[in-house]
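As a basis for the values below, the full set of heavy atoms in this structure was taken, side chains included, without hydrogen atoms, waters or symmetry mates.
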Protein chains: 2
Amino acid sequence: MTYCVGLRLNTGLVFMSDTRTNAGVDNISTFRKMQCWSVPGERVITVLTAGNLATTQAVISLLDERTKAHGERNPSIFEQPSMFQVARLIGETLREVIAEHAESGQRADAAFNATMIVGGQIGLGEPRLFLIYPEGNFIEASADTPFFQIGETKYGRPILVRAFDPDMSFADAIKLLLVSFDSTIKANLSVGLPLDFQIYETGSLQPGEIHRVERDDAYFQTISHGWGDALKIAIDSLPPYEITPG
Amino acid sequence: MTYCVGLRLNTGLVFMSDTRTNAGVDNISTFRKMQCWSVPGERVITVLTAGNLATTQAVISLLDERTKAHGERNPSIFEQPSMFQVARLIGETLREVIAEHAESGQRADAAFNATMIVGGQIGLGEPRLFLIYPEGNFIEASADTPFFQIGETKYGRPILVRAFDPDMSFADAIKLLLVSFDSTIKANLSVGLPLDFQIYETGSLQPGEIHRVERDDAYFQTISHGWGDALKIAIDSLPPYEITPG
């Protein structure tokens, strides 16, 4: 499994992903699930991937090759005029890769599936954030739904639902995401450290901080240990139930 | 879906279940998923059920009928000498009901599956807590794994993992469970109010408080509203990430 989140803040976008992939419990590897392409001053595009690793790597490789080979018959995400067209192109590429694998005689086509979060900004357009389905179609984050999760989403969702605020700073958003990821890692073996995150500030048109959080990262340790204590204090701050005398 | 939890505390057992059942999103009903049988002074047995409603109702009805009809050819949970034998009997009953439905020509046998939590105390034995699988086999809660969840378990798990303590009082356990259920209800439409809970105090050999938490329950409202604020305070108590200047 995998866990990735993309947040749409009022000041920009924040992305975080884990790096664990597994086929069974005895075949565990570390792969980056976050990819960023940029033309400084013109566009920044970040993609998070969850699902079949062969599928997601094929999609990322296809997209990447096309940014380097000009004049190919297939369009590049660098040639798209808007984030909407970028999402459409990535969705089409994803659908084609899945279809190709499924058509090659394999029956377990569900196993080739993948889901993606795509975010970024092009020129004078607004920063936009999309969730792309295996079928190639996609939805966009809005004021009502300002973040997307993919992969093993359930453990880390309650804290996002309660504490996410589009007005929050990048610093607070990273903190919130680390709590959400830590809760997931503590409950599920298929999500694991290290974590990658990236910040994109609206209008900068260049990648913000890109950071890998290793197991011994001092800030992550502070959050992981501190959160247990903070939760206990939070629980203690609520009144206990009054047992009806038997 | 469903969400049920059984906790093993040092002072006894606590059970909580939601009441929503659904077949699709437009066929929603309320059913009790907690059943308690007792012979005061001799035994108390509580069962929580998740999965196919026809299966769980059939199992509960069979178990219930046999407690009332003495001398039947099938044994009753009232005749078992230990909680281990009770768990075995319930597991066998569950497996038989699933097999009966599956053998009747229906192919979707997975859809008949159900899982159960069984807890209680008989005579001088210790209170025991079991998780029963659709295959009829089961595992028992221990000091390492002092609680079981069934149904939609993921959303409410992180808070249990972090804050559960077998030394906690019944009053604090009810509070913790309400937080876990509230987090699940906020994130998933298939788990819904009202909630049922039951307390069993070690050695009492009679059911403790059994309570239904309705939507307008004052204590639940306090916890549900208070938890959002308490979480924000908890998050604020941790230091924000220090963004590396770009």
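Proximity of a side-chain donor or acceptor of Lys175(B) to a complementary backbone N or O of Ile235(A) within less than 3.5 Å is detected.
Counting heavy-atom pairs closer than 4.5 Å to chain A, the top-ranked of the candidates Ile223(B), Val161(B), Thr153(B) is Ile223(B). Chain A forms more heavy-atom pairs under 4.5 Å with one residue of Ser204(B), Ala187(B), Ala171(B), Ala230(B) than with any other, namely Ala171(B). Of the listed residues (Ile159(B), Ile233(B), Asp172(B)), the greatest number of heavy-atom pairs within a distance under 4.5 Å of chain A belongs to Ile159(B).
In this structure, Glu126(B) places its CD atom where only 12 or fewer heavy-atom neighbours from other residues, nucleotides or ligands lie under 6.0 Å away. Around CG of Leu189(A), the count of heavy atoms belonging to other residues, nucleotides or ligands within 6.0 Å does not exceed 12.
Within residues 8-23 of chain B, no residue approaches chain A closer than 4.5 Å by heavy atoms.
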| request: Determine, stepwise, if the pair Asp229(A) / Arg162(B) fulfils salt bridge (Lys or Arg N to Asp or Glu O under 4.0 Å). | output: CA-CA 9 Å; Asp229(A) 297 336; Arg162(B) 294 273 200 177; over 6 Å; no
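A distance of 10.5 Å separates NE2 in His211(B) from CD1 in Ile243(A), rounded to the nearest 0.5 Å.
Aromatic ring centroids of Phe197(A) and Tyr241(B) lie under 6.0 Å apart.
Heavy-atom minimum distance, Pro239(B) versus Thr222(A): CG-CG2, 3.8 Å.
For Tyr219(B), the part lying under 4.5 angstrom from a heavy atom of chain A is the side chain only.
The salt bridge (charged side-chain N to carboxylate O under 4.0 Å, His left out) pairs that include a residue from residues 196-223 of chain A are Arg32(A)-Asp196(A), Asp196(A)-Arg212(A), where partners are two or more places apart or lie in different chains.
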